[in-house]
Amino acid sequence: MTDAPAHTPVIWHVTGARPNFPKAAPVLRALEARGWAQRLVHTGQHYDDNMSTIFFEQLSLPKPDLNLGVGSGSHAVQTGTIMIRLEELWSAERPALVVVYGDVNSTVAAAMVTSKLGIPLAHVEAGLRSFDRTMPEEVNRLVTDRLSDLLLATSVDAVGHLAREGVDGDRVVLVGNPMIDTLLAHRDELGRHRLAGVPELAGLSGAYAVATLHRPANVDSDAALAGLVAALRATADQVPVVLPVHPRSRGGLTRAGLFEHPQVHAVEPLGYLEFLSLVDGSALVVTDSGGIQEETTVLGVPCLTLRPNTERPVTITDGTNRLVTAEGLADAVAAALAAGRPAQWKVPPLWDGHAGERIAEAVEALLR
Ligand code: UD1
């Protein structure tokens, strides 16, 4: 990225999976504006063009300085491979500070290497807790936060969790949500014309729902999938459902017969602008994603989250989200369709488009 003379302090950012990219973009931009030399690593956890490259293009992210090319694998294989490659890299070229994002395997792997090399570590999206350790992301969050020197929180509840875990308050900064910076920066570009590039949706008119499913607890077992597919079919009886299919769930959803329903429109994973344009124009969203709970909250789109818990409760108290079971989904969809989209809705504090700048300020304060 930025050319740095020898001995100039360099801030390194580690990204790897789809949800990292919209979080990193505003932080890189804000630190660049302050004149910091930076390097961007892509671990290669996500590698398909439509899970990675298109996000770099649409979000004007700089080309990564390095792609570790780890690809898919078990948790230990993925995490361990990233650790081995980052340790080699940073033993030769020592960062002044490393910034990690969110809760994916790339995040925790980079956090462990950074910490063991004695390099300052900043975690963007610190303090979120689902209190459900069956989620791999919850383990990643706990470990990453424990090791971080600077914990950058998106919401007040996250700050509270860190305080209860005994994290020194001087290391915690409530900065708001950088993913929402990215959303607001592209708000005016969202529009249904973006969907012209998705031929499967050409005939879609009137109200529709958007669905996404990829959590292991929902899609890795045929038993869980059977209930969810029945619920999604009952949803599609009421309203057309557009479902960008995550590669993890393609096989299971196909076997369970979801795509045979005439009102279910399966599409490949979409680019950032195409997906948010689709969400922005929808009557409601059904999801098990974390980030989408936040994006629907800001767009004012009702969100039904197919999970027993959420690490983002602020999207329920201050947003448009609610948790539903597979059994309760069809009734919740009927109620959401009857109510329509809200005319007014709340947005959590500091989800205002300026989190990247606050993060840059906090990082700079730590380095100085
Ligand atoms: C990962 C994150 C999850 C995040 C999600 C967003 C972890 C533990 N999980 O889950 O928190 O919500 O990303 O998408 O880090 N695959 C492809 N092409 C790709 C990437 C993946 O085909 O570019 C397929 C592979 O079969 C792979 C599977 O998807 O085995 C799962 O990928 P992986 O990165 O392990 O986890 P996700 O389910 O994507």
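Basis for what follows: all heavy atoms, side chains included, without hydrogens, waters or symmetry-related copies. Values in this document were obtained by computation on a predicted structure and should not be read as measured data. Atoms within each ligand, like the ligands themselves, are counted from 1 in listed order.
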Can you tell me the protein heavy atom closest to [atom] and the distance?
atom: atom 35 (O) of ligand 1; value: Gln78 NE2, 3.7 Å
atom: atom 18 (N) of ligand 1; value: Asp48 OD2, 2.9 Å
atom: atom 19 (C) of ligand 1; value: Tyr47 CZ, 3.5 Å
atom: atom 31 (C) of ligand 1; value: Arg248 NH1, 3.4 Å
atom: atom 24 (C) of ligand 1; value: Pro247 CB, 3.7 Å
atom: atom 2 (C) of ligand 1; value: Val104 CG1, 3.7 Å
atom: atom 8 (C) of ligand 1; value: Asn105 OD1, 3.3 Å
atom: atom 20 (C) of ligand 1; value: His46 CD2, 3.4 Å

Check: Would a distance-only check, ignoring hydrogens and angles, find a side-chain to backbone donor-acceptor pair under 3.5 Å from Tyr208 to Leu278?
Finding: yes
Notebook entry, point to check: For the side chain of Tyr272 and the backbone of Leu183, is there at least one donor-acceptor N/O pair under 3.5 Å apart?
Noted result: yes
Note to self: Can you confirm if the aromatic rings of Phe21 and His46 lie within a centre distance of less than 6.0 Å?
What the structure shows: no
Note to self: Among residues at least two apart in sequence or on other chains, which ones pass side-chain hydrogen bond (donor to acceptor under 3.5 Å, both in side chains) with Asp49?
What the structure shows: Thr53
Item checked: Option set Gly73, Ser72, Pro19, Gly291, criterion heavy-atom distance to atom 27 (C) of ligand 1, minimum ->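 It is Ser72 whose heavy atom sits nearest to atom 27 (C) of ligand 1.
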Next item on the list: Could you pull out, from His214, Arg250, Arg18, the option with a heavy atom nearest to atom 5 (C) of ligand 1?
Entry: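 Residue with the shortest heavy-atom distance to the ligand atom: His214.
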Next item on the list: Working to the nearest 0.5 Å, report the span between CG of Asp181 and CD of Glu357.
Entry: 7.0 Å
Margin query: Would you compute the distance between atom CE of Met83 and atom OG1 of Thr114 and round it to the nearest 0.5 angstrom?
Written below: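 One finds 9.5 Å between CE of Met83 and OG1 of Thr114.
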Checklist line | Listed once per pair and sorted, the side-chain hydrogen bond (donor to acceptor under 3.5 Å, both in side chains) pairs that draw on residues 261-270, sequence neighbours left out | finding: Asp237-His261, Arg250-Glu268
Next item on the list: Check Arg312, Glu294, Glu295 against Asn177 for a side-chain hydrogen bond (donor to acceptor under 3.5 Å, both in side chains) and give me the one that passes.
Entry: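 Output: one option passes, namely Glu294.
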Check: Which ligand 1 atoms are under 4.0 Å away from a heavy-atom of His75?
Finding: 8 (C)
Margin query: Under 4.0 Å from a heavy atom of Met51: which atoms of ligand 1 are those, numbered in the order shown and with their elements?
Written below: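 Going through ligand 1 atom by atom, the ones under 4.0 Å from Met51 are 23 (O).
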